[in-house]
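Here's the structure, in structure tokens; my notes come after.
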Number of protein chains: 2
Amino acid sequence: MSEGPLDHLIRLLAGLPGLGNRSARRIALHLLERRETLMLPLARGLEHAATEIKDCDVCGNLDSVSPCRVCCDPARDAAKICVVAHVSDVWAVERTGAYRGRYHVLGGLLSALDGVGPADLRIEALFSRLKAPSAYAAANDSKISEDVQHIEEVILALSATVDGQSTAHYIADHLQDFPIKVTRLAHGVPVGGELDYLDDGTIVTALNSRSAA
Amino acid sequence: MSEGPLDHLIRLLAGLPGLGNRSARRIALHLLERRETLMLPLARGLEHAATEIKDCDVCGNLDSVSPCRVCCDPARDAAKICVVAHVSDVWAVERTGAYRGRYHVLGGLLSALDGVGPADLRIEALFSRLKAPSAYAAANDSKISEDVQHIEEVILALSATVDGQSTAHYIADHLQDFPIKVTRLAHGVPVGGELDYLDDGTIVTALNSRSAA
């Protein structure tokens, strides 16, 4: 028997991250009970997002306009660039509301195990963006070239994993000769974290980076 | 700022059962990385299923044809009807492969707390289906009337909860005068279940329904 529309839908849903067969069946039934209010809007929302959302040519963020609204926002500090691995990291930093500079999304991390090299990421784009901000902006879109000045600081907001740290190291290494301050996120005890439950590496790092109380 | 297509999509996804904001964001990014291979097929799959899938007029199951393929299958025993609360229960019983009769989906369970009465469920339809199978089939679709005979057994496959059992009781009560055998699923120790972890109610039921070893 060929696959019916329901089995087809369940198979597609079950392939989404975090979902399995059981949750896909549950979602399919939930949707079929709400065809007009949820199922068709979701179908249209998916299609709309698939055609409307694009990568920002400047920073690699996802938005319905390119350059994205972060890159175009004149209220943000164009002299600071926060380098992150994924678009979800942009969202995570944005949710804090604590950062008012711009971003550069690498699209992943260097990984010898997975065979991800510098050419697979937006690392070269970062270097040319830092080397000649106005030329980079002009090549990508003139709208933001006017407020691009000399970039003063690059914040490497990469995961505290082996891949994240080797990527940070690779970038910092290549930026040594640039007149740019390169910083990375502080490592230490997470807010709300109990010492007893922390791994040794975090405690050692927190000890070494201790500050005056 | 008005809601962009990405925020809109994430909001819709976050409303699905079992998903929250974080998993919805993760799914949205996963989809945007696979627009042609997954996102657009999913949009079309949703739309296709929303228009193609219908309730079976006979049993209430969901299928792309009505009567559904279970009702139309001449190899299945039309003299047995398995009464279940939800379409997902049909799928659960079908996965076992142990049942070759037909189904009747109530669409829920009687619930005094939630204000669900007999008129909110497909209970009357069950009674007319049992009272006059050929007339019921003819009224809904002639295709299956030819193989509908006298219905011999109704299996109440309802949850072992208060609502499930009161629904089973209500149906069994109304079928007393019908020349039909009414059965319910056995209660007892689940296969693979350890006695020590079972609740008292299950152990008492399993003791009372013990069989010769």
Side-chain angles (χ1 to χ4, degrees), chain A residues 1-13 15-55 61-65 68-69 86-92 95 107, chain B residues 1-13 15-55 61-65 68-69 86-89 91-92 95 107-108:
Chain A
M1 205 188 296
S2 74
E3 194 186 48
L6 189 53
D7 297 325
H8 177 71
L9 176 62
I10 291 174
R11 189 171 53 78
L12 287 176
L13 288 171
L16 297 178
L19 299 185
N21 275 324
R22 189 180 290 265
S23 41
R25 284 196 296 264
R26 195 161 146 232
I27 288 176
L29 284 177
H30 181 88
L31 288 168
L32 282 167
E33 283 165 14
R34 294 157 185 81
R35 294 178 203 215
E36 295 302 323
T37 55
L38 185 55
M39 195 166 185
L40 291 173
L42 180 59
R44 284 188 289 263
L46 281 165
E47 196 151 355
H48 189 61
T51 51
E52 288 295 307
I53 302 292
K54 23 191 167 292
D55 289 355
N61 189 11
L62 287 170
D63 205 340
S64 45
V65 286
C68 70
R69 276 172 287 189
H86 303 286
V87 173
S88 51
D89 301 330
V90 173
W91 298 349
R95 276 199 300 279
Chain B
M1 203 189 295
S2 76
E3 191 186 50
L6 190 52
D7 297 326
H8 178 70
L9 176 62
I10 291 173
R11 189 171 53 78
L12 287 177
L13 288 171
L16 296 179
L19 299 184
N21 276 322
R22 187 178 292 263
S23 42
R25 284 195 297 266
R26 196 162 146 231
I27 288 176
L29 285 178
H30 180 88
L31 288 169
L32 282 167
E33 285 166 13
R34 292 158 187 82
R35 291 177 207 216
E36 295 302 323
T37 55
L38 185 56
M39 195 167 185
L40 291 174
L42 180 59
R44 284 188 288 263
L46 282 165
E47 196 152 352
H48 189 62
T51 51
E52 288 295 305
I53 301 292
K54 23 192 168 294
D55 289 355
N61 189 13
L62 288 169
D63 204 339
S64 46
V65 286
C68 71
R69 276 171 288 189
H86 303 287
V87 174
S88 51
D89 300 331
W91 298 349
R95 277 199 299 281

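Lettering of chains follows the sequences in order, A, B, ..., and the numbering in each one begins at 1.
Looking at I27(B), the atoms closer than 4.5 Å to chain A (heavy atoms on both sides) sit in the backbone and in the side chain alike. At a 4.5 Å heavy-atom cutoff, the contact between L38(B) and chain A is made by side-chain atoms alone. Of the two parts of I53(B), the backbone and the side chain both hold a non-hydrogen atom closer than 4.5 Å to a non-hydrogen atom of chain A. Heavy-atom distances place the side chain of R35(A), and not its backbone, under 4.5 Å from chain B. Looking at L6(A), the atoms closer than 4.5 Å to chain B (heavy atoms on both sides) sit in the backbone and in the side chain alike. Proximity to chain A is absent for every atom of S23(B), based on heavy atoms less than 4.5 angstrom apart.
Atom CD of E47(A) sits about 7.0 Å away from atom CZ of R44(B), to the nearest 0.5 Å. Rounded to the nearest 0.5 angstrom, L9(A) CG and E3(A) CD are separated by 10.0 Å. In this structure, S88(B) OG and H30(A) NE2 are separated by 13.5 Å, a value rounded to the nearest 0.5 Å.
Using a 4.5 Å heavy-atom cutoff, the side chains of V65(B) and E52(B) are not in contact. Using a 4.5 Å cut-off on side-chain heavy atoms (C-beta onward), C68(A) and K54(A) make no contact. Residues L42(A) and L13(B) have side chains in contact (heavy-atom distance under 4.5 Å, counting atoms from C-beta outward).
Of the listed residues (L31(A), L29(A), D63(A), L19(A)), the greatest number of heavy-atom pairs within a distance under 4.5 Å of chain B belongs to L29(A). Taking L62(B), V87(B), T51(B) one by one and counting their heavy-atom pairs under 4.5 Å with chain A, the maximum is reached by L62(B). By number of non-hydrogen pairs under 4.5 angstrom with chain A, the leading residue of R26(B), H8(B), H86(B) is R26(B).
The number of heavy atoms from other shown groups lying within 6.0 Å of CZ (R11(B)) is above 12.
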